[in-house]
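All values reported here derive from a predicted model rather than from experimental measurement.
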Amino acid sequence: MVPRKSFVSKEREGFFFLSAQDRIGGSRMARYNFRAVEKKWQEIWENEQIFRTSSDFSKPKYYALVEFPYPSGEGLHVGHPRPYTALDVLARKRRMEGFNVLFPMGWDAFGLPTENFAIQTKIHPAVITERNINRFRQQLQSLGFSFDWSREVNTTDPNYFKWTQWIFLKLFEKGLAYKKEMPINWCPRCKIGLANEEVVDGACERCGHEVETRVKNQWMLRITAYAERLINDLEMVDYIERVKVQQRNWIGRSEGAEVLFKIKDTEENLTVFTTRPDTLFGATYMVISPEHPVLQKLRDRITNMPEIEAYQEQARKKSEFERAQLVREKTGVRVEGLSAINPATNAEIPIWASDYVLMTYGTGAIMAVPGHDERDWEFAKKFGLPIVEVVAGGDVEKEAYTDTEKGTMVNSGFLNGLDVPTAKKKITAWLQERGLGVPKVNYKLRDWVFSRQRYWGEPIPLVYCEKCGWVPVPESELPVRLPQVANYEPTDTGESPLAKIRHWVETTCPKCGGYAERETDTMPQWAGSSWYFLRYCDPHNDQELASREALEYWLPVDWYNGGMEHTTLHLLYSRFWHKFLYDLGIVPTPEPYAKRTSHGMILGENNEKMSKSRGNVVNPDEVVEEYGADTLRLYEMFIGDFEKAVPWSTEGVKGCKRFLDRVWKMMDMVIPGAEYRPELEAKVHQTIKKVSQDYENLKFNTAIAALMTLVNEVYRLESINEAEMKTVLLLLNPVAPHITEEIWEKLGFEGMLNEQRWPVWDEAKTVEQTVEIGVQVNGKLRATITVNLDDPQEAAREKALSAEAVKRALDGKTIVKEVYVPGRIYNIVVK
RNA sequence: GCCGGGGUGGCGGAAUGGCAGACGCUACGGACUUAAAAUCCGUUGGGCUUUUGAGCUCGUGAGGGUUCGAGUCCCUCUCCCGGCACCA
C-alpha cells in the first residue's frame, strides 16, 4: 500500500518521533494503532483544510449548528461530545451528499465562573479565558470533529462584542431597551441580579443560594413586545414537540378581557384582567396586590392604613421562594374605606389586598369569583366572603366549579342559560359597548432583565449625561472595551466593579460634549449567544455583523441541536433578537433556526448526574487515550436513545472498540469485486437505507446496530468484496472518520474517503427474495417456514400446513379462516 | 394541579398492527495459549417437560376493549422522568 504522494512528506514530518511500535504498520495485518491513525488524519484534515467551508455561494448549503460551550476551567466532559458528534455525523454526511456545509464552533466565554476564578487568583479573566479556550479547542480537535476552525468566534473578543453592543444600541434606539426601577431577584452570595429564568426553585441557578427580592434600576429588554410572534411563529419551524410546548408554556399566552371597576365615591378605577369575563356577575369582591399603586394614591381615604402597611412590609420580606413554596394558606387584609362597583350587578363589593395577586402579571388586581376560581374560593372561605354561583353544574359551597365546557350560566342577568364560551363573547361585547372593558391577551413572559453588576461581560455602550439623559456611544467608538483593573470584586452595594474605575466611568457626552458617566452594568451571558450563529456566517467582517450576502446564503440554520436547559432561555432570547434584526432588515429570515433537536444527558456509571462532587465524572481525554477518538465517538452515538439521558458504561466503550477492531480486521477478508455479491446484496442495500435514514432521525444507535449486523454477516461469510467494503466504510465514516479513512487508503481506494459520494440504496434490492415467516394458529406462533416472496399463497399454505407443530395444533379442529401476509405471517384460525 | 415524555431481559436498548427482546454489554461454555489477557465460536427472558430431536407454557407497569393477530390502536388506572406552577 503506497500512501498517496502528497501524504508521504507529511508522514515523515509528523510521525518520525513516534516509536516504532506506534508507527502505522505497512502490512494489512498490523494491529489497529488508533493513536497513530487518528493523529495522522487530524493533521491531514487540518493541513489540507478539508473541512473549510467554501465561499462558493452557488452550491447548495447546509448549516449545522451545535451550542458553543462555555470554556470552563474543568475542560470538556463526556457529555459535550454527544451533540457535537451527532451533528458532525450529519455534517459529514451532507458534505458527501454534495452540500457546502457550515459547521462552526466557538466560545461563549463571558461569565461568572471565570470572573470568580479571577477574583480568587488575581489573574485577569481574559487570560483565564484564553487558557481555557486553548484547552477546549485542543480537546475538541482530538475528537476529530469537522468544524471549520477558521470561523471560530469568541464572545469576549472585542471584534465580536462590538456587534453585541451594536445590536444593543439598535434595541435602545427602537425603544426596546429601557431602564426601570424594579424588584429583581438578588443573589446575596453572587451579589448579582438574576433574570427570572436564572432562579430555580427560589434559589440561584449558579450557586444554589436562596434568592431575595431587591429593588434595582435595571436595563430591560422588551421581549414581551415579541411574545405573540414568538408563539405564533413556532408554527413555521421544525422543532421537536417538547421544545415547542415548553416555549409556549413559558410565554404563557392567555386570552381574556380587561374590565374596569369603579372605586366608589372616587374618580379612580381598578382595571382587572380576567380569562373568565363570563363570571362577572359572580365577582363578589376584588383583590389587589400589596404593591398596587392605588393603595398610595388613595391612602387618605383608607381607614386602616397602618394595618395595610404592615401587610405590605410582610409581603416584601417574603422572598419569591416563600411566596411560591409556602403552603397555600391565603393571607390578606381588607382595604377599609374603599369599595368597588361590580359593573354587571352594580353591587358594591369590598376590596382586599393579598399577596396571592402578583403585581407583575396582568394589572396587579383581580375580580374575585369564588364560585368558579379555586384560589378565590379558598380566600373567600377563609375570610367569610360571599360565594355566588353563576355557572351551574357543580356545588360551589363544596368547591369552585371551574368547568368551562359543561356549565350553564345562572344568576347572571342577560347571560342566563348560555354556555360559557358564548357568555364570554356576549359579556365582552357588552362591556366594550359601554367602555367598561376590552378583549385582552396577556403573557406570563416578562421583560428580560439585561443588567449585571459584574466585570466580565460586555459593557453596555451608553453614557449618562445630566442634560441629555441616556446617550448611546457612537457606532464609530464601538466597541466599548473593559478597562484593565486589579480587582474584580463586586461591591456590597450591588454596584458593578466598573463603578469604581473612575477614569473609565468619567467621559464626555457624545451629544452635548459635557460631563457624562458610562453605564457600569454589563450584559448577561445570554447576550453574546443570542446572535453568534449570525457571526459564523461571516466571522471576520469588520464593517457589519455579517454581510447581507453571507446571511442570505446561510440562513436559516438548517439544524440546531442543543440542550433542553436552553429551551426557555437562550433559544427564546436568540429568536427574539433574530426577529428584531429581521424587522430592521438585517437578517433575511423571520426565524433563525429551521430545525431544533435536543440530546439527553450522559450520566455517571452510577446513574447519577455527572459531577465533581459525586466523583463520577468521566474525562474524554482518558477515553481517547485508552480507546481512541473513533471509539469514543462511536460509543457516544451507540450508547442509547440520543434524546434520552443514559448512564456511562466503561464496558460499553470496550464493546465499541471491539467493533472497530473487527472492522479493521475485515481488511484481511477483502476480495476483488466491483458489484455487491448476490449473497450480500439485499443486506447491503438494507443497511444503506437503514443507516441513511437513521442518521437523519437521530437514531444513531440503530444505525450502528445495523452496521454491526452487516459486519457480523461478513464474518460469517469470511469475506467481503471491494464494493461491499467501500459501502461499509462510507456508512461508518461519519461516526468513525479516522479509522475508515485509514482503511480506505490502505486498501488503495481512489482519493480520500471524505471526498466520496454518500452511497445510495435501490429500494427494489432491499427486499430479500426468500424470507422466513411465522406460522400462527389462532395468533400463536407454531412454526416458521421459508417461502419465496413470489410464491402464490397456495405454496405457502402447503408449507405451513405440513409443519409438524402446526399439524398438532390443527388436530381435531376446523379451519375457519386463513390470513396470509406475504413476507410477514401465515395465520390459521381454527375452531 | 396543568402540560409534555416514558414504563420491554441482569444492564443500555430494538421492533411500518404481523416470529417480542435486533445490536451491544454482562454472565456462562468451548477453541487458541505452558498460563493469562486479547481474539474467535457458541449459549444467555422466566417456568415446566424432555426419549437430548426438541416440545409446552407464561411474558412488554395493571385492568378492560378492538382485531385473524396488540409492546404498538382505544378506554380506565398506576408509577417514574422533565417543564410550568397562587399567572387571575
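Contact check of residues 273-283 of chain A against RNA chain B (heavy atom, cut-off under 4.0 Å) returns A/Phe273, A/Thr274, A/Thr275.
Residues A/Lys244 and A/Glu235 are not paired through a salt bridge, judged by the lack of any N-O separation under 4.0 Å between the basic side chain and the carboxylate.
Counting any heavy atom pair closer than 4.0 Å across all strands shown, A/Asp641 reaches sugar-phosphate atoms only and no base atom. Using a 4.0 Å heavy-atom distance criterion, A/Glu643 is classed as making no nucleic acid contact. Using a 4.0 Å heavy-atom cutoff across all strands shown, A/Lys665 reaches sugar-phosphate atoms only and no base atom. Using a 4.0 Å heavy-atom criterion, one finds that A/Ala645 contacts the sugar-phosphate atoms exclusively. When heavy atoms are screened at a 4.0 angstrom cut-off, A/Thr567 is found touching no nucleic acid atom at all.
Side-chain N/O atoms of A/Asn701 include none lying less than 4.0 angstrom from OP1 or OP2 on B/C23. Between A/Thr702 and B/C23 there is no side-chain polar atom (N or O) within less than 4.0 angstrom of OP1 or OP2.
Under a cutoff of 6.0 Å and an axis angle of 45°, A/Lys330 and A/Phe379 do not form a cation-pi pair.
Checking A/Lys665, A/Arg658, A/Lys657 one by one against A/Asp661, the salt bridge (Lys or Arg N to Asp or Glu O under 4.0 Å) holds for a single residue, A/Lys657.
Comparing the P positions of B/G47 and B/G59 gives a spacing of 15 Å, expressed to the nearest Å. Atom C1' of B/A20 sits at a distance of 32 Å from the matching atom of B/U39, rounded to the whole Å. The P atoms of B/A31 and B/G24 are separated by 23 Å, rounded to the nearest whole Å. Look at the C1' atom in both B/U44 and B/A38: the space between them is 22 Å, to the nearest Å.
Judged as a salt bridge (charged side-chain N to carboxylate O under 4.0 Å, His left out), and not counting sequence neighbours, A/Lys683 has no contacts. Residues satisfying the side chain to side chain contact (heavy atoms under 4.5 Å, CB included) test with A/Arg614, not counting sequence neighbours, are A/Glu608, A/Lys609, A/Ser611, A/Asn616.
Here the C1' atom of nucleotide B/G83 and the CD1 atom of A/Ile240 are 13 Å apart, to the nearest Å. Remark: P of B/G12 and NZ of A/Lys699 are 17 Å apart, rounded to the nearest angstrom. Atom pair A/Phe642:CZ and B/A14:P shows a separation of 13 Å (rounding to whole Å applied).
Listed for the A/Glu713 side chain is no donor-acceptor partner under 3.5 Å among the backbone atoms of A/Leu680. Side-chain atoms of A/Tyr715 come within 3.5 Å of backbone N or O of A/Arg662 as a donor-acceptor pair. Using a distance-only test at 3.5 Å, with no hydrogens or angles considered, a donor-acceptor pair links the side chain of A/His372 to the main chain of A/Val391. Between the side chain of A/Gln247 and the main chain of A/Thr567, a donor-acceptor pair closer than 3.5 Å is present. Although no hydrogens or angles enter the test, the distance criterion places a donor-acceptor pair under 3.5 Å between the side chain of A/Arg633 and the main chain of A/Pro734.
The closest side-chain donor-acceptor pair between A/Arg242 and A/Ser598, if any, does not fall under 3.5 angstrom. Judged purely by distance below 3.5 Å, without hydrogens or angles, the side chains of A/Asp447 and A/Thr224 pair a donor atom with an acceptor atom. Remark: the A/Glu291 side chain and the A/Ser289 side chain contain an N/O donor-acceptor pair separated by less than 3.5 Å.
For A/Phe383 and A/Tyr285, the ring centers are positioned 6.0 Å apart or more.
Each of A/Asn607 and A/Ile825 lies near RNA chain B, and the nucleotide nearest A/Asn607 is the one positioned closer to the 5' end. RNA chain B is contacted by both A/Val245 and A/Gly640; A/Val245 maps to the nucleotide lying nearer its 5′ end (nearest heavy atom per residue).
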N/O to N/O distances under 3.5 Å, protein versus nucleotides 24-32 of chain B:
{"from": "B/G24", "atom 1": "OP1", "to": "A/Asn712", "atom 2": "ND2", "distance (Å)": "3.1"}
{"from": "B/C25", "atom 1": "OP1", "to": "A/Arg658", "atom 2": "NE", "distance (Å)": "3.1"}
{"from": "B/C25", "atom 1": "OP1", "to": "A/Arg658", "atom 2": "NH2", "distance (Å)": "2.9"}
{"from": "B/U26", "atom 1": "OP1", "to": "A/Glu651", "atom 2": "OE1", "distance (Å)": "2.9"}

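Ring-plane geometry between A/Phe700 and A/Phe642 is classed as perpendicular, the angle between the planes exceeding 60 degrees on a 0 to 90 degree scale with a lower cut at 30.
Contact of A/Lys444 with B/C84 (side chain to base): no donor-acceptor pair of N or O atoms is detected under 3.5 Å. Side-chain atoms of A/Asn249 and base atoms of B/C84 include no donor and acceptor less than 3.5 Å apart.
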Practice item. At under 4.0 Å between heavy atoms, which parts of nucleotides 54-64 of chain B does protein reach? Answer with one letter per nucleotide, 5' to 3': B base, S sugar-phosphate only, - none. Key: -SSSS------

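Here B/G9 is in the syn range [glycosidic angle within 90° of 0]. Taking the O4'-C1'-N9-C4 or O4'-C1'-N1-C2 dihedral as appropriate, B/G42 has a value more than 90° from 0 and is therefore anti.
Of the candidate nucleotides B/G82, B/C86, B/A20, B/A20 has the atom lying nearest to any side-chain atom of A/Leu781.
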Revision key, fill the gap. Applying the Watson-Crick and G-U criteria (both distances under 3.5 angstrom) with [ ] for crossing and | for other-strand pairs, one obtains for RNA chain B (((((((..(((.....[....))).(((((.......))))).(((((....)))))..(((((..]....))))))))))))....

